[in-house]
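See structure below.
From a predicted model like this one, the values you see are computed outputs, not experimental measurements.
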Amino acid sequence: EHFLFQGLRGAQPGLIKLGRVGSLESRALGPCDGRIEFARPGYLVFTRDGTLMAQAFDPRRLAVLGDPIPIGDRVTIGTTSGEFSVSRDGMLAYRTGESAKSRLVWLDRSGKVLDASCPPGNYTDFDLSPDEHQACVMIAEENGTSGDVWIEDFSRHVLSRLTFNNSGTVWPVWSPDGSRIAYGANPSGSYKIYITDVGGRGSIDSLALEPGANEGP
């Protein structure tokens, strides 16, 4: 009947929230900077300041017990995420920052690499252009918590930076005609949708979302 989620509001730190199915009420259990998992028989596993933490949790009383303890260092943390997973039998897997960098590559249907032009980076939130000649991608900073939108030109093997917000930029998406890119960002503490020309020219339009729309599971 209950579930865990990360609550975000503006520029404030994230919180571990406990909710109940069928109710809009929730309560905070402590700070975190990524997602949360419940591990049997009774632990919360979450990220805080780049460290993977575990804290005893009583599922009957729905309360945390004692202080959290570190169980992993330099855990990869994307925007409001954390790259770890706990199995039902207690096995934990996570990825560290040293192994987080990836590359954008073309593969054929057998899995053979056809082209790998760009240098390794913290690539996330990828979208292919309508003509399939370019891709927009969010490249996170070294700590994995923020970044900006870049465009890769496959024919020229060039990466060009599109945004310079460094303010929680997420989910870039091409327009159907390939002339503009929409993305989310929170420079003022609340997420909005911005639209910009692929060449970085022209003004940026903002489509305001409802207050609190950036809070969710």
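- Taking each heavy atom of W174 and P130 in turn, the nearest pair found is CB-CD, 3.9 Å.
- Cluster membership check: V173 does not share its hydrophobic cluster with L104, using side-chain heavy-atom separations under 4.5 Å among Ile, Leu, Val, Met, Phe, Trp and Tyr.
- Cation-pi geometry between R35 and F5 is not met: the NZ or CZ atom fails to fall both under 6.0 Å from the ring centre and inside 45° of the normal.
- At a threshold of 4.5 Å between non-hydrogen side-chain atoms, the residues H2 and L18 count as touching.
- Closest of all the heavy-atom pairs between L15 and A28 is CD1-CB, 4.1 Å.
- Side-chain contact check for I36 versus V45: every heavy-atom pair is 4.5 Å or farther apart.
- Put simply, OG on S160 and CD1 on I151 are 7.0 Å apart, with the number rounded to the nearest 0.5 Å.
- Between D127 and Y183, every side-chain heavy-atom pair lies at or beyond the 4.5 Å cut-off.
- Within the model, atoms OH of Y43 and CD of Q55 stand 11.0 Å from one another, a figure rounded to the nearest 0.5 Å.
- Cluster membership for F46 and L65, using ILVMFWY side-chain heavy atoms within less than 4.5 angstrom, is not shared.
- Counting only heavy atoms from C-beta outward, the side chains of V64 and L44 approach each other to under 4.5 Å.
- The distance from the CD1 atom of I195 to the CD1 atom of I193 is 7.5 Å, given to the nearest 0.5 Å.
- For the pair R48 (side chain) and P31 (backbone), a donor-acceptor distance under 3.5 Å is present.
- Looking at D115 and H157, their side chains come closer than 4.5 Å, going by heavy atoms from C-beta outward.
- Taking the side chain as every heavy atom from C-beta outward, V21 and F3 approach each other to under 4.5 Å.
- A heavy-atom distance below 4.5 Å is not found between the side chains of D153 and H133.
- Between Q134 and L128, the shortest heavy-atom contact is O-CD1, 3.4 Å.
- Note that SG of C136 is 8.5 Å distant from CG of L162, once rounded to the nearest 0.5 Å.
- Contact between P119 and L159 at its shortest, heavy atoms only, is CD-CD1, 4.4 Å.
- Annotation: the span from K112 atom NZ to L107 atom CG amounts to 11.5 Å, rounded to 0.5 Å.
- F126 and L114 fall within the same hydrophobic cluster, defined by Ile, Leu, Val, Met, Phe, Trp and Tyr side-chain heavy atoms under 4.5 Å apart, directly or through other members.
- To the nearest 0.5 Å, the span separating CG on L52 from CD1 on I69 amounts to 10.5 Å.
- Residue pairs meeting the ring pair (Phe, Tyr, Trp, His ring centres under 6.0 Å) criterion with at least one member in residues 15-40, sequence neighbours excluded, do not occur.
- Taking 4.0 Å as the cut-off between side-chain N and carboxylate O, E25 and R27 do not count as a salt-bridged pair.
- Contact of the T163 side chain with the I181 side chain is not registered, since no non-hydrogen atoms from C-beta on lie closer than 4.5 Å.
- The neighbour count for D131 CG, taken as heavy atoms of other residues, nucleotides or ligands under 6.0 Å away, is above 12.
- Side chain of S87 to backbone of M91: a donor-acceptor contact under 3.5 angstrom is found.
- What you find for G178 and V198 is that their closest heavy atoms are O-CG1, 3.7 Å.
- Residue E37 comes nearest to S85 through the heavy atom pair OE2-CA, 3.4 Å, listed as atom of the first residue, atom of the second, then distance.
- Taking the six-membered ring for Trp, W106 and F154 have ring centres closer than 6.0 Å.
- In this structure Y94 satisfies the ring pair (Phe, Tyr, Trp, His ring centres under 6.0 Å) test with no other residue, sequence neighbours excluded.
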